[in-house]
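The next block holds one structure in the form of structure tokens; read it before the comments.
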Amino acid sequence: MSNEKIPSRSENYSEWYNQVIQRAEMADYSPVRGCMVVRPYGWSLWENIQDNLNRKFKATGHVNAAFPLFIPMSFLEKEKEHVEGFSPELAVVTIGGGEKLEEPLVVRPTSETIIGYMYSKWVKSYRDLPILINQWANVVRWEMRTRMFLRTLEFYWQEGHTAHATQAEAEEETRRMLDIYAQFAIEEAAVPVIKGRKSASEKFAGAVNSYSIEAMMGDTKALQAGTSHFLGQNFAKAFNIQYLDVNNELQNCWTTSWGLSTRFIGAIIMTHGDDQGLIMPPRLAPIQVVIVPIFRNDEEKSKVMPVIDQLKTQLSDFRIKVDDRTELTPGFKYNDWEMRGVPLRLEVGPKDVEKGSVMAARRDIPGRDGKVILPQSEVTARVKELLAEIQANLLQKAIAFRDSHIFEPTDYEDLKRIVAEGWAFAWWCGDPACEAKVKEDTKATTRCIPFDQPDGHGKCVVCGRDATEKVYFSKAY
RNA sequence: CGGGGCGUGGCUCAGUCCGGCUAGAGCACUCGGUUCGGGACCGAGAGGUCGGCGGUUCAAAUCCGCCCGCCCCGACCA
């Protein structure tokens, strides 16, 4: 806790981000460079994300399991693109129990290889397919530059790994999971996202095709909020994931993988946060309603607290917190909970006791404009409505912000200007050289080739050749 | 790994150039009192081997050497 102001987003966006996380007690720096400690408030948000996704995964036939943290180095080497993509960022264990290991063990950067190995043991017949497993795990990628939640050496995520008999079925699965991510982002987190395909240079190491949901942060940079990969038969061939089909012929499986990480917490912070701090989307908020009692002496306290207790009972369906800290003034508490992003605050003081009212303050509308007086008798229904309104409003605001920062460049010079302050939606011929030139000139990369495409065709914004697809160019996290 | 910056109570920093007296401030923390509807105030208190090791000196946070760590900027990335 601190009573000092944080830097505004316009002054210094990354400093705003760092301080909000610390002040809201989402996470703290660890003694190990590049790692983070997720504090209870941050973890609670993650648990809500987990619960939500787990429900969606299970509803589509997936089951959870757990695979080992350590992977034999030789496994990584079995898929050429995969090892090339990941080897620069591997953490490798070479000593165990004081003895040098015969074969180094990689701390998993992702689990396609070890899961592929297991699938090859488990899959014999087409009757064993599909196999639809998810795991919640921590993974390690040795990054050069780290940011809380966005890029740390160790992070938490879920990784789904599926194996199918046919290409069509695997491709369908890849798209189904991307849809689930998009639905989750939009409906639960109020984070608007664009679904699309990754360019060859941006796709997962070892995938045939990668798909992502892309979100725009408050500084207009893009953030890949979730990915789903169609792996073709690449891993099936590398790990002999084979089955006998109805004709008793040996076939390679088709596999997919898909993941969403604690990075998504960064997306929530940077999509909704304002200069007062975090704003949690009600459906995922660790605390949906905070109740601040107001009294000056024991007499007032004895009148106020029974009302608070009654509210607690009325609101038991919501995630609520009564801030009964005695050493702090109400004003301090308001600011404190605003920093933490609690969507709705209820204030109950002597005047409310008299009038049978409760003061409600919406986090998404700052100051007096966001305050409404509720009759105590209607609190349950009104809180429900207000939370729904806040959820909807956050999404609308985020969509409006994003759409007002997407531009269609008329030419290459225009594109250069645009990516300094937003996303450029432009025709692209598909040549990696054009993509590389944009990156070289502007640091912006292709984010995704959206599924939603305009009709017709145009000229590549870089080279002027014919182009049949439009792509988003943007700076990214 | 290249360029730049920084290491002093929990946090932000002053002091370092030009060595010297008891190592300071603000915030946070503890206790007491007054406060409490938008970041309260007064008083008392606790808390530091000045990143580490070595050197120079009567004397080192301050000068010298080596090492360690962190942050920012570049080459890689969910």
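Chain A is the first sequence line, chain B the second, and so forth, proteins listed ahead of strands; every chain is numbered from 1.
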With a non-hydrogen cut-off below 4.0 angstrom, is [X] in contact with a base, only sugar-phosphate, or nothing?
{"X": "A:Ser210", "result": "nothing"}
{"X": "A:Phe155", "result": "base"}
{"X": "A:Leu150", "result": "base"}

Taking atom [atom1] in both [N] and [M], what distance in whole Å separates the two?
{"N": "B:rG9", "M": "B:rG47", "atom1": "C1'", "value": "6 Å"}
{"N": "B:rC18", "M": "B:rU62", "atom1": "C1'", "value": "10 Å"}
{"N": "B:rA78", "M": "B:rG39", "atom1": "C1'", "value": "37 Å"}
{"N": "B:rA46", "M": "B:rG10", "atom1": "C1'", "value": "13 Å"}
{"N": "B:rA59", "M": "B:rU22", "atom1": "P", "value": "16 Å"}
{"N": "B:rG51", "M": "B:rG15", "atom1": "P", "value": "15 Å"}
{"N": "B:rC63", "M": "B:rU16", "atom1": "C1'", "value": "10 Å"}
{"N": "B:rG55", "M": "B:rC71", "atom1": "C1'", "value": "30 Å"}

For [X] and [N], give me the distance from atom [atom1] to atom [atom2], rounded to whole Å.
{"X": "A:Glu89", "N": "B:rA75", "atom1": "CD", "atom2": "P", "answer": "16 Å"}
{"X": "A:Gln22", "N": "B:rA28", "atom1": "CD", "atom2": "C1'", "answer": "14 Å"}
{"X": "A:Arg325", "N": "B:rU35", "atom1": "CZ", "atom2": "C1'", "answer": "17 Å"}
{"X": "A:Lys439", "N": "B:rG74", "atom1": "NZ", "atom2": "P", "answer": "13 Å"}
{"X": "A:Arg23", "N": "B:rC11", "atom1": "CZ", "atom2": "C1'", "answer": "10 Å"}
{"X": "A:Lys333", "N": "B:rA40", "atom1": "NZ", "atom2": "P", "answer": "11 Å"}
{"X": "A:Glu327", "N": "B:rC31", "atom1": "CD", "atom2": "C1'", "answer": "14 Å"}
{"X": "A:Glu440", "N": "B:rG74", "atom1": "CD", "atom2": "P", "answer": "14 Å"}

Side-chain (A:Tyr17) to main-chain (A:Met148) donor-acceptor, under 3.5 angstrom: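 Checking the backbone N and O of A:Met148 against the side chain of A:Tyr17, a donor-acceptor pair under 3.5 Å is found.
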Hey, is the main chain of A:Ile390 close enough, under 3.5 Å, to the side chain of A:Arg363 for a donor-acceptor pair?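 No, because the side chain of A:Arg363 does not come within donor-acceptor range (under 3.5 Å) of the backbone of A:Ile390.
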Residue pair A:Thr60 / A:Phe57: nearest heavy atoms and the distance that separates them: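 Answer, listing the atom of A:Thr60 first, then A:Phe57: OG1-O, 2.9 Å.
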Closest contact, heavy atoms only, A:Gln376 versus A:Gln314: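 Closest approach of A:Gln376 to A:Gln314, heavy atoms only: O-NE2, 3.2 Å.
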Side chain proximity check, A:Val139 to A:Tyr156, heavy atoms < 4.5 angstrom: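 The answer is no, as the side chains (C-beta and beyond) never meet within the 4.5 Å cut-off.
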Give a yes or no on whether the ring-centroid distance for A:Trp157 and A:Trp258 is below 6.0 angstrom.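 No, ring centres 6.0 Å or more apart.
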Output field: ring centroids A:His161/A:Tyr119 closer than 6.0 Å: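 No, too far apart.
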Position toward the 5' end of RNA chain B (nearest nucleotide), A:Gln224 or A:Arg147: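 Looking at RNA chain B, the more 5' nearest nucleotide goes with A:Arg147.
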Earlier contact from the 5' end, RNA chain B, for A:Thr227 and A:Asn18: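 Closest to the 5' end, via its nearest nucleotide, is A:Asn18.
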Only one of A:Phe239, A:Phe75, A:Phe235 forms a ring pair (Phe, Tyr, Trp, His ring centres under 6.0 Å) with A:Tyr117, so which one is it?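 It is A:Phe75, the one option of A:Phe239, A:Phe75, A:Phe235 that forms the ring pair (Phe, Tyr, Trp, His ring centres under 6.0 Å) with A:Tyr117.
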Keeping to residues at least two apart or across chains, list the side-chain hydrogen bond (donor to acceptor under 3.5 Å, both in side chains) pairs with something in residues 365-374 of chain A.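 Qualifying pairs: A:Glu347-A:Lys371.
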Hey, is A:Trp157 doing a stacking thing with B:rA78, by the 5.5 Å centroid and 30° angle criteria?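 So no, this residue does not stack on that base, at least one cut-off failing.
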Name the pairs: protein N/O against N/O of nucleotides 36-38 of chain B, kept only if under 3.5 Å.
residue, atom, partner, partner atom, Å
B:rC36, N4, A:Arg296, O, 3.1
B:rG37, O6, A:Gly349, N, 3.4
B:rG37, O6, A:Gly349, O, 3.1
B:rG37, O6, A:Pro350, N, 3.0
B:rG37, O6, A:Lys351, N, 2.7
B:rG37, O6, A:Asp352, N, 3.3
B:rG37, O6, A:Asp352, OD2, 3.4
B:rG37, N1, A:Gly349, N, 3.4
B:rG37, N1, A:Asp352, OD2, 2.5
B:rG37, N2, A:Glu347, OE1, 3.4
B:rG37, N2, A:Asp352, OD2, 3.2
B:rG38, N7, A:Lys371, NZ, 3.0
B:rG38, O6, A:Arg345, NH2, 2.6
B:rG38, N1, A:Glu338, OE2, 2.7
B:rG38, N2, A:Asn335, OD1, 3.1
B:rG38, N2, A:Glu338, OE1, 2.6
B:rG38, N2, A:Glu338, OE2, 3.3

Looking at A:Tyr477, I'd like to know if the NZ or CZ of A:Lys221 sits under 6.0 Å from its six-membered ring centre while staying within 45 degrees of the ring's axis.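 Satisfied, under 6.0 Å and within 45°.
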Passes ring-ring contact (aromatic ring centres under 6.0 Å, His included), A:Phe86 versus A:Phe204? Steps please. CA-CA 10 Å; A:Phe86 280 105; A:Phe204 177 74; 5.7 Å; yes
In dot-bracket form, how is RNA chain B paired, counting a Watson-Crick or G-U wobble pair only if both its distances are under 3.5 Å and using | for bases paired to another strand? ((((((((.[[[[.)....(...]]]].((((((.....)))))).....[[[[[..)....]]]]])))))))....
